[in-house]
Number of protein chains: 2
Amino acid sequence: MPRAAIDVFAAIAEPQRRRILGALADGEQGVGQLVDRLGISQPLASKHLHVLRSVDLVHVRKQAQHRLYRLNHVALQPVRHWIGTFERYWQESFDRLEKHLQNLQQKDRHDSIN
Amino acid sequence: MPRAAIDVFAAIAEPQRRRILGALADGEQGVGQLVDRLGISQPLASKHLHVLRSVDLVHVRKQAQHRLYRLNHVALQPVRHWIGTFERYWQESFDRLEKHLQNLQQKDRHDSIN
DNA sequence: CCTATATATGAACCATTAGTTATATACAAG
DNA sequence: CTTGTATATAACTAATGGTTCATATATAGG
C-alpha cells in the first residue's frame, strides 16, 4: 500500500507494472484477466493497479463486482517530454509530434483503445 | 554501490539522476561541477554517476585527476521505444522519428552535445 | 440472509537503495 | 616523497517498496 508520493517515472520503473500497462494496451480489462494473463497474484495486481491509478496511468470503471481498468496513455506525456529535452537533435520532428499529440488529446473521449 | 541489475527505467526513476542527466545535457562536465550546480554531496554524485554509467546513460573520460562525464542519449532509446508501443495512435509519426534517429546515430561520433 | 465471486486492504517480511560520514585511490605539483 | 586536489568506495542508517498471506469489502444470485 504505497502511500508515498510516487511519480510516473517511478511507476513505470517497475517491470510488472510495465507488463500490466502492456496488457492494458490490448484494451480494457478486469483484474482477474490481468492475473491470468500475467501469472501474478491477485493482491499484487490490485496493488500495482493502485499505484498506476495514483499517477493516472489507468482509469477504472465499475461493472458489477468487476473493476475494469483501461490505459490512459496521456499520462505518459511527462516521460515523453523529459526524454524530448535531451533529444534536441531531432527536436523539430518532436515538435511536430507534440502538435499531433495535442490534436489527438482533444478528440480523446471515447476513443478506440482496443 | 548498487551491484543489482538495474535497468534504464529504474535509473531515470531517481529525481537526482534526472537532474544530473539534465545538467549533462549542457555538455560534458566533471563531478565537481555537477556537485556545485546541483548542490549535492560529492559521494552521492559519484554513486549516481556510477549507476548511470552501469546502464550506459553516461560515458566517462579521464583528464588528469578529473573524470569528465558526458550524456549518452542513445541509451534512452529503450524508454522511447517502450512508450512508442502505447502511442500507436501517432505511430506513423513515430516511425519517421525512428528513422531520423538511426540516421543521427550513424554520424554520432564526436558530435556536439553542448 | 447466505453463499459465491471479484477485488481491495492490512500486516508482516525481506530486499533494495538513497543518503551520510569516513576513508581510500588517483593524479599533479612541488 | 609529501602535499593538495579530485573522485571513488566502504560501512552504515533509514526509508522505501515489492511480495505474500490472511482478511475485509462489494456485488450478484439464490
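Below, chains carry the letters A, B, ... as their sequence lines are ordered, and counting in each starts from 1. Atoms considered below: every heavy atom in the structure, side chains included; atoms not considered: hydrogens, waters and symmetry mates.
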Check your understanding: Can you find a donor-acceptor pair, distance only, under 3.5 Å between A:Q42 side chain and C:dA8 base?
Key -> yes
Revision key, fill the gap. Shortest non-hydrogen pair, A:V35 vs A:I40, comes out as CG1-O, 3.1 Å
Check your understanding: Can you find a side chain N or O atom of A:Y69 that sits less than 4.0 Å from OP1 or OP2 on C:dA8?
Key -> yes
Review point. Is there side-chain contact between B:L68 and B:Q29, with heavy atoms separated by less than 4.5 Å?
Key: no
**Study point:** Interatomic distance, B:D36 CG vs D:dT5 P [rounded to whole Å]
**Key:** 14 Å
Review point. Of the nucleotides C:dT20, D:dT27, C:dT7, which has the atom closest to the A:Q65 side chain?
Key: D:dT27
Practice item. Would you indicate whether the side-chain heavy atoms of A:L21 and B:W82 approach each other to under 4.5 Å? Key: yes
Check your understanding: Given atom CD of B:E14 and atom P of D:dG17, what is their separation to the nearest angstrom?
Key -> 11 Å
Review point. Roughly, in whole Å, what's the span from CG in B:L52 to P in C:dA18?
Key: 10 Å
Point to revise | CA sep, side-chain torsions, deciding dist, call: A:Q16, A:R19, side chain to side chain donor-acceptor pair (under 3.5 Å) | key: CA-CA 5 Å; A:Q16 302 277 34; A:R19 293 183 65 212; 3.0 Å; yes
Check your understanding: Between C:dA6, D:dT19, D:dG4, which one does the side chain of A:H66 approach most closely?
Key -> C:dA6
Practice item. Among the candidates D:dA26, C:dA18, D:dG18, find the nucleotide nearest to the side-chain atoms of B:R17. Key: C:dA18
Check your understanding: Among D:dT7, C:dT7, C:dA18, which is the nearest nucleotide to the side chain of B:H48?
Key -> C:dA18
Check your understanding: Within this structure, what is the NE2-to-P distance between A:H50 and D:dG18, rounded to whole angstrom?
Key -> 12 Å
Check your understanding: For the pair made of CG in A:L68 and P in D:dA26, what is the distance, rounded to whole Å?
Key -> 18 Å
Practice item. For A:L34 and C:dA6, give me the distance from atom CG to atom C1', rounded to whole Å. Key: 13 Å
Exercise for review: Tell me, please, whether A:Y69 has A:R53 positioned over its six-membered ring: NZ or CZ under 6.0 Å from the ring centre and within 45 degrees of its axis?
Suggested key: no
Exercise for review: Could you pick out which residue, A:Q16 or A:P43, lies toward the 5' side of DNA chain D when each is mapped onto its nearest nucleotide?
Suggested key: A:Q16
**Study point:** Protein-nucleotide distance (B:I6, atom CD1; D:dG17, atom P), rounded to Å
**Key:** 14 Å
Revision key, fill the gap. From CZ of B:F9 across to C1' of D:dG17 the rounded distance in Å is 19 Å
Review point. Can you find a donor-acceptor pair, distance only, under 3.5 Å between B:K47 side chain and C:dT20 base?
Key: yes
**Study point:** Sugar-phosphate only, base, or nothing, as touched by A:S46 at under 4.0 Å among non-hydrogen atoms
**Key:** base
Point to revise | Touch class at under 4.0 angstrom, heavy-atom based, for A:R53 against every strand present | key: nothing
Check your understanding: Taking for each residue the nucleotide of DNA chain D bearing the nearest heavy atom, is the 5' side occupied by A:L44 or by A:K62?
Key -> A:L44
Review point. When you check the phosphate oxygens OP1 and OP2 of C:dT20, does a side-chain N or O of B:S41 lie under 4.0 Å from one of them?
Key: yes
